[in-house]
Number of protein chains: 2
Amino acid sequence: MDLQLFTIGQLSKQTGCKVPTIRYYEGIELLPNPPRTEGGQRRYNAHHLQTLRFICHGRELGFPIKAIRELLELDQFQQDSRASTEDGCHRADQIALEHLHRIERKIDQLSGLRDELKMMINACKSGDNHSCQVMSVLADHQLCQHSHGAADDNE
Amino acid sequence: MDLQLFTIGQLSKQTGCKVPTIRYYEGIELLPNPPRTEGGQRRYNAHHLQTLRFICHGRELGFPIKAIRELLELDQFQQDSRASTEDGCHRADQIALEHLHRIERKIDQLSGLRDELKMMINACKSGDNHSCQVMSVLADHQLCQHSHGAADDNE
DNA sequence: ACTTGAACCTCTAGCTACTATAGGTTTTAT
DNA sequence: ATAAAACCTATAGTAGCTAGAGGTTCAAGT
Ligand SMILES: [Zn+2]
Ligand SMILES: [Zn+2]
Ligand SMILES: [Zn+2]
Ligand SMILES: [Zn+2]
């Protein structure tokens, strides 16, 4: 098995991951270096495909690269050593839980912003003010209802 | 009026905006260049302070720099020309509305991820599986309930 | 007047996760 | 044999800052 080889373009189609992104993942050593043809083109096998799917799905679920890297290592470790799945599961769950918390904090923060924005916009639409509420609120946080606490964020 | 001058550190304390960030805003021509002392240090006036407050508040509310730039220009334009506030308000509201939509899309996307993550984690906690559900789901999107549609995003 | 230390200055590089472009080579099909 | 499609590397750009190095200026105290 593992006899079928894929070009980078085929891998891209199978996973939905763009070609430059695949090369990028190789560059940061997330995806192992594939063998090359004599001419220097990459040829992937089924294992690469599986790994890339894992990576892409992790990214789609919003996991940072760092987390995906650790999850891949856990996976590798388990396959290598046949260690009890318990520890790996524990750590994987922990990583997922941290990610869940980040997301929940982010949702809370964005919900606050959403409410604030709705209020400004509605105040303008109702048109009782001679000046734009959007501009006024931007100029003066006192007019805000919430504090839009800045969670450190990305994605 | 406008006689009181502030150092960049004082401006920083007044707004909560970090010193390098203030210099960064100047570099991208968002905040106008302040006059300098003979020795080359920046000295700001009340107008700079007001502008920086506007910028920082806009950022706290999640507006991209590009939007803030346009909002500042609207503000400037109105003060210069005493044009009817109507048009400015209309455009400002439009910008705010676009931002609101971005945020709502983002909240929707994150809510999907949150649900997905909760499901994986719970499946692991219930412990009926001999394998880690977090790992399994990552390896196979088929096990997902949602499609985690990737809205283009930032912040 | 002189010294000290905090605050200031510029410049460059780094962060996340890609994406785009330029300019060239390999593969595959006709 | 030729030509198009797909591949290659390398570099720079995206957003919005932040950190560091290495040097200068300012204001206060003696
Ligand atoms: Zn308005
Ligand atoms: Zn506010
Ligand atoms: Zn688990
Ligand atoms: Zn999925």
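Letters A, B, ... mirror the listed sequences (proteins, then strands); counts begin at 1.
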Original post:
With the 4.5 Å side-chain cut-off for hydrophobic clustering, are B:F54 and A:M119 part of the same group?
Top reply: no
Subject >> Whole-Å distance separating the CD atom of B:Q10 from the P atom of D:dA27 >> reply: 10 Å
Subject >> Donor on one side chain, acceptor on other, A:N45 and A:H48, under 3.5 Å >> reply: yes
**OP:** Send over the distance from A:R102 CZ to C:dT16 C1', rounded to a whole Å.
**Re:** 12 Å
**OP:** Check whether any side-chain N or O of B:T37 sits under 4.0 Å from OP1 or OP2 of D:dT25, and answer yes or no.
**Re:** no
Subject >> B:E38 CD to D:dA27 C1', straight-line distance once rounded to whole Å >> reply: 15 Å
Original post:
Can you tell which of C:dC9, C:dA17, D:dC7 lies closest to the side chain of A:I8?
Top reply: D:dC7
Subject >> Worked verdict on B:E26 versus B:R36 for salt bridge (charged side-chain N to carboxylate O under 4.0 Å, His left out) >> reply: CA-CA 13 Å; B:E26 180 183 324; B:R36 306 277 187 133; 3.7 Å; yes
**OP:** Please state whether the phosphate of D:dT9, meaning OP1 or OP2, lies under 4.0 angstrom from any side-chain nitrogen or oxygen of A:R42.
**Re:** yes
Original post:
How long is the line joining CG of B:L11 and P of C:dA7, in whole Å?
Top reply: 15 Å
**OP:** Kindly say if B:R23 contacts the phosphate of C:dA7, meaning a side-chain N or O under 4.0 Å from OP1 or OP2.
**Re:** no
Subject >> Spacing between A:I22 atom CD1 and D:dC7 atom P, to the nearest angstrom >> reply: 9 Å
Original post:
For DNA chain C, whose closest nucleotide is more 5', that of A:Y25 or that of A:G40?
Top reply: A:Y25
**OP:** Respond yes when some side-chain nitrogen or oxygen of A:R59 is under 4.0 Å from OP1 or OP2 of C:dC18, and no when none is.
**Re:** yes
Subject >> Given DNA chain D, 5'-ward residue of the pair B:G39 and B:P20, judged by closest heavy atom >> reply: B:P20
Subject >> Atom-pair distance (OH on B:Y24; P on D:dA19), nearest Å >> reply: 15 Å
Original post:
Does A:T7 make a side-chain N or O approach to OP1 or OP2 of C:dT27 shorter than 4.0 Å?
Top reply: no
Original post:
Which whole-number value in Å describes the distance from B:E26 CD to D:dC17 C1'?
Top reply: 15 Å
Original post:
Any side-chain N or O of A:K18 less than 4.0 Å from the OP1 or OP2 oxygen of C:dC18?
Top reply: no
Subject >> Spacing of OG belonging to A:S111 relative to CZ belonging to A:R114, to within rounding of 0.5 Å >> reply: 4.5 Å
**OP:** Kindly write out the residues that satisfy side chain to side chain donor-acceptor pair (under 3.5 Å) with A:E98, not counting sequence neighbours, or none if the list is empty.
**Re:** none
Original post:
In whole Å, what is the span from the CG atom of B:N33 to the P atom of C:dC9?
Top reply: 12 Å
**OP:** Name the closest nucleotide to the A:Q41 side chain, picking from C:dT26, C:dC9, C:dC18.
**Re:** C:dT26
